[in-house]
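Notes for the one structure printed next.
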Amino acid sequence: MISWYMHPAFSSLRFWTLLLPGCAFLFYMTPLLLRTVGIRAFTMASDSYVSGSLSAAYVTCPNDTVAKDIARGLVERKLAACVNVIPQITSIYEWKGKLEEDTEVLLMIKTRSSKVSALTEYVRSVHPYEVCEVISLPIEQGNPPYLKWVGDIVPE
């Protein structure tokens, strides 16, 4: 019986000049190809965010105590995944015919768009202002793992 490497087809120079570069190509390209496929698979799995399904809401508060109380209440009630408390903003506005200027605290709230109405009702029920600011903007895009986390924390 003749060994495979002694067969006339394998002993030709043409065979080896085609085989060796092909093996070298596979040897060097396989890790790159696997990494590319892996990254793309991860991206596809994490890119399932539906634009506008989450919102960033903004609320101004008269002081740090009120702001933190509202922020904790929102997170505890699962109306928000995260609330940033931003101190020392200056608001200039007209109120009852007078130009006003106040130092306030801004809440930046991440939530589901479907929860904005409930969030607004909660804020209105605990906020000391006669007319409190509650506005929201849809989140069009962002860091996919972060957006997934917000969606996981705030139930439908």
Side-chain angles (χ1 to χ4, degrees), residues 17-156:
T17 57
L18 292 174
L19 181 66
L20 290 177
C23 289
F25 176 80
L26 285 176
F27 177 77
Y28 289 110
M29 293 306 290
T30 299
L32 175 65
L33 189 63
L34 289 175
R35 186 173 67 236
T36 303
V37 169
I39 289 170
R40 184 65 193 137
F42 172 77
T43 302
M44 287 170 55
S46 60
D47 276 349
S48 61
Y49 176 68
V50 176
S51 181
S53 62
L54 301 179
S55 287
Y58 300 91
V59 173
T60 51
C61 300
N63 57 53
D64 201 51
T65 302
V66 170
K68 287 180 179 178
D69 287 346
I70 291 172
R72 281 189 189 94
L74 290 169
V75 174
E76 287 169 355
R77 287 167 178 74
K78 300 280 189 191
L79 294 172
C82 175
V83 180
N84 301 112
V85 179
I86 305 167
Q88 296 281 305
I89 66 163
T90 300
S91 295
I92 300 171
Y93 57 97
E94 184 179 318
W95 181 248
K96 296 185 178 179
K98 263 179 69 180
L99 188 62
E100 302 283 344
E101 182 174 326
D102 288 315
T103 299
E104 294 183 296
V105 177
L106 178 65
L107 301 179
M108 186 171 71
I109 305 158
K110 276 69 74 182
T111 188
R112 285 186 179 275
S113 296
S114 62
K115 294 292 185 179
V116 171
S117 292
L119 181 149
T120 301
E121 288 306 311
Y122 173 74
V123 171
R124 290 180 66 200
S125 74
V126 297
H127 203 289
Y129 288 171
E130 184 181 336
V131 177
C132 60
E133 174 186 356
V134 182
I135 59 173
S136 72
L137 299 167
I139 297 172
E140 297 301 320
Q141 54 186 312
N143 179 19
Y146 181 81
L147 299 175
K148 181 182 180 327
W149 172 78
V150 172
D152 289 346
I153 297 297
V154 181
E156 291 278 350

Inter-residue atom distance [X].[atom1] - [Y].[atom2], 0.5 Å rounding:
X	Y	atom1	atom2	result
I89	E104	CD1	CD	5.5 Å
K148	I153	NZ	CD1	10.0 Å
I139	T111	CD1	OG1	9.0 Å
I109	Y58	CD1	OH	9.5 Å

Atom of [X], atom of [Y] and distance for their closest heavy-atom approach:
X	Y	result
Y129	C61	OH-C, 3.6 Å
V83	A71	CG1-CB, 3.6 Å
V105	A67	CG1-CB, 3.5 Å
S136	S55	CB-CB, 4.3 Å
L79	L119	O-CD1, 3.7 Å
D69	Y122	O-OH, 4.2 Å

Judged by atom type as modelled, is there a donor-acceptor pair below 3.5 Å linking the side chain of [X] to the main-chain atoms of [Y]?
X	Y	value
S114	E156	no
N63	T65	yes
S113	G52	yes
R112	S53	no

Can you tell if the side chain of [X] reaches within under 4.5 Å of the side chain of [Y], non-hydrogen atoms only?
X	Y	value
V123	L74	yes
W95	E130	yes
K110	L54	no

Take atom CD of Q141 as the centre, draw a 6.0 Å sphere, and report whether it contains more than 12 heavy atoms from other residues, nucleotides or ligands. no
Counting only heavy atoms not in E140, do more than 12 fall under 6.0 Å of its CD? yes
With side chain to side chain contact (heavy atoms under 4.5 Å, CB included) as the test, would you mind laying out the steps for H127 and V134 before giving the verdict? CA-CA 10 Å; H127 203 289; V134 182; over 6 Å; no
Listed partners of R72 passing salt bridge (charged side-chain N to carboxylate O under 4.0 Å, His left out), at least two apart: none
